[in-house]
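Residue numbers start from 1 in every chain, and the chains themselves are labelled A, B, ... in the order their sequence lines are given, proteins ahead of strands.
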Number of protein chains: 2
Amino acid sequence: MPPAAPAPAKSRPLSNFLCFAVYSANLAFGRAYKPILDELGLTYTQYIALVALAEKDEQTVGELGERLFLESNTLTPILKKLESLGFVARRRDPADERVVRISLLPAGQTLLDKDPGAILFEATGMGQEIVPMQQTIAELRDNLLRHSRGKG
Amino acid sequence: MPPAAPAPAKSRPLSNFLCFAVYSANLAFGRAYKPILDELGLTYTQYIALVALAEKDEQTVGELGERLFLESNTLTPILKKLESLGFVARRRDPADERVVRISLLPAGQTLLDKDPGAILFEATGMGQEIVPMQQTIAELRDNLLRHSRGKG
DNA sequence: TGCGATTTAATCGCATACGATATATATCAT
DNA sequence: ATGATATATATCGTATGCGATTAAATCGCA
């Protein structure tokens, strides 16, 4: 038998990339939320920002960014949109005019009280595993960010 | 003691949203890959597309989209960019001129053979848990997409 | 055979992410 | 007090995602 041409070394498949699992799961969540949020006139990121705003009143853009792992370049347009929709109020802090503080308006709190994402619990198919899964993925995130900070 | 004003019902915190864990972990992966991919002149999505292209030769845009959970509106500009960088070739299928087939060029295979993402294994801090984690997150993704397909 | 329906990519518009920069305000050192 | 420095937010340009539409090619079926 003639020597076979060297098979092109198969590189690592997508299924072995944790980053791709996370990437594609994120796309999947966005699509699952889409019909729910369309009803409410919100995008996925806008909704997540509202959830973060409910955790503490009168957060600054910077504080909100720490919660969401985003910066003002991304948040400012989103917060302006949420303001125009009547879900939040933005105002300069009189004690430090550099700072903008965001407050959740009643319409925003009302929307969150309905917990529109809850109906996706079943769609995850994860049952009670959902809690440890959140924790493990959050840990992964924190590990990666710590690594990046180290070299940043 | 006068009756306390009803405490505003705390809505579900960000830490209990699996979607936020996934969302933020995805951002974290992008940031961890950034310095590595900057060296190679690639973006995160371009890199993932290359990995997917290595799995099968001469894939169509549609096939690649099924692997990546993306469509031609997102892929076409990315593939054109990878072509301009010399990592892939794009050509119409002579047997069906609607179809565009993508082939990985030697420069692309060489890049993948170096597995530039491998040095992030340690940064995940997940040790051998990384394999079951990939599987669980992929399962989550598939469950969510099945749900969305059901109502799409 | 021919023509409407289907399929595949590509294009367009909008909303994120994010690096780089700009702007306004506050702080600090003298 | 004042100028240099630092900080907080906003703006700008580029690269995704994605719904909607378009353009080209193929298919199906009378």
Original post:
Angle class for the B/Y47/A/F17 ring planes (parallel below 30°, perpendicular above 60°, tilted otherwise)?
Top reply: perpendicular
Original post:
Nearest-Å distance, CG (A/L70) to P (D/dT16)?
Top reply: 18 Å
Original post:
Which part of the nucleic acid does B/Q46 contact within heavy-atom distance under 4.0 Å: base, sugar-phosphate only, or nothing?
Top reply: sugar-phosphate
Subject >> A/K81 vs B/D96, nearer the 5' end of DNA chain C by closest nucleotide >> reply: B/D96
**OP:** Quick one: look up who D/dA30 pairs with, Watson-Crick or G-U, both distances under 3.5 Å, and put none if it's unpaired.
**Re:** C/dT1
Subject >> Ion pair A/D38/A/K34, N-O distance below 4.0 Å >> reply: yes
Original post:
Do we see a donor-acceptor contact under 3.5 Å between the side chains of B/N143 and B/E139?
Top reply: no
Subject >> Comparing A/G62 and A/G30 on DNA chain D - which has the more 5′ nearest nucleotide >> reply: A/G62
Original post:
According to a strict under-4.0 Å criterion, is B/R90 in side-chain N/O contact with OP1 or OP2 of C/dA10?
Top reply: yes
**OP:** For the side chain of B/V100, starting at C-beta, report the closest nucleotide among C/dA17, C/dA9, D/dC18.
**Re:** C/dA9
Original post:
Would you say B/K80 reaches C/dT11's phosphate, i.e. side-chain N/O to OP1/OP2 under 4.0 Å?
Top reply: yes
Original post:
For the base of D/dT7, is there a side-chain donor-acceptor partner from A/R98 under 3.5 Å away?
Top reply: yes
Original post:
Is B/I78 touching bases, backbone alone, or none of the nucleic acid, heavy atoms closer than 4.0 Å?
Top reply: sugar-phosphate
Original post:
Given that A/P77 and B/L79 both sit by DNA chain C, which one's nearest nucleotide is further toward the 5' end?
Top reply: B/L79
**OP:** Give B/R101 one of three labels, base, sugar-phosphate or nothing, depending on what nucleic acid heavy atoms sit under 4.0 Å from its own.
**Re:** nothing
Subject >> First encountered from the 5' end of DNA chain D, between B/T74 and A/V61 >> reply: A/V61
Original post:
How are the rings of B/Y44 and A/Y23 set to each other: parallel, tilted or perpendicular (split at 30° and 60°)?
Top reply: perpendicular
Subject >> Protein-nucleotide distance (B/R92, atom CZ; D/dA24, atom C1'), rounded to Å >> reply: 8 Å
Original post:
Does any donor atom in the side chain of A/R31 or B/S148 lie under 3.5 Å from an acceptor atom in the other side chain?
Top reply: no
Original post:
What does A/L27 touch in the nucleic acid at a heavy-atom separation under 4.0 angstrom: a base, only the sugar-phosphate, or nothing?
Top reply: sugar-phosphate
Original post:
Rounded to whole angstrom units, what separation is found between the NZ atom of A/K34 and the C1' atom of D/dA20?
Top reply: 11 Å
Original post:
Less than 3.5 Å between a donor and an acceptor, one on the side chain of B/S72 and one on the base of C/dA10, is that the case here?
Top reply: yes
Subject >> hbond_proxy A/N73 side chain to C/dG19 base (donor-acceptor, 3.5 Å cutoff) >> reply: yes
Subject >> Gap between atoms OH and C1', on B/Y33 and D/dA15 respectively (whole Å) >> reply: 19 Å
**OP:** May I have the distance from B/D38 (atom CG) to D/dT14 (atom C1'), rounded to whole angstrom?
**Re:** 13 Å
Original post:
Within the structure, does a side-chain N or O atom of B/T43 lie under 4.0 Å from either OP1 or OP2 of D/dT16?
Top reply: yes
**OP:** Provide, to the nearest angstrom, the distance between the CD1 atom belonging to B/I102 and the C1' atom belonging to C/dA10.
**Re:** 12 Å
**OP:** Among B/R101, B/R90, B/R91, find the residue that satisfies the salt bridge (charged side-chain N to carboxylate O under 4.0 Å, His left out) test when tested with B/E58.
**Re:** B/R91
Subject >> B/Y23 OH to C/dT16 P, straight-line distance once rounded to whole Å >> reply: 9 Å
Original post:
Hey, does the side chain of A/T76 come within less than 4.0 Å of D/dT11's phosphate (OP1/OP2), counting only N and O?
Top reply: no
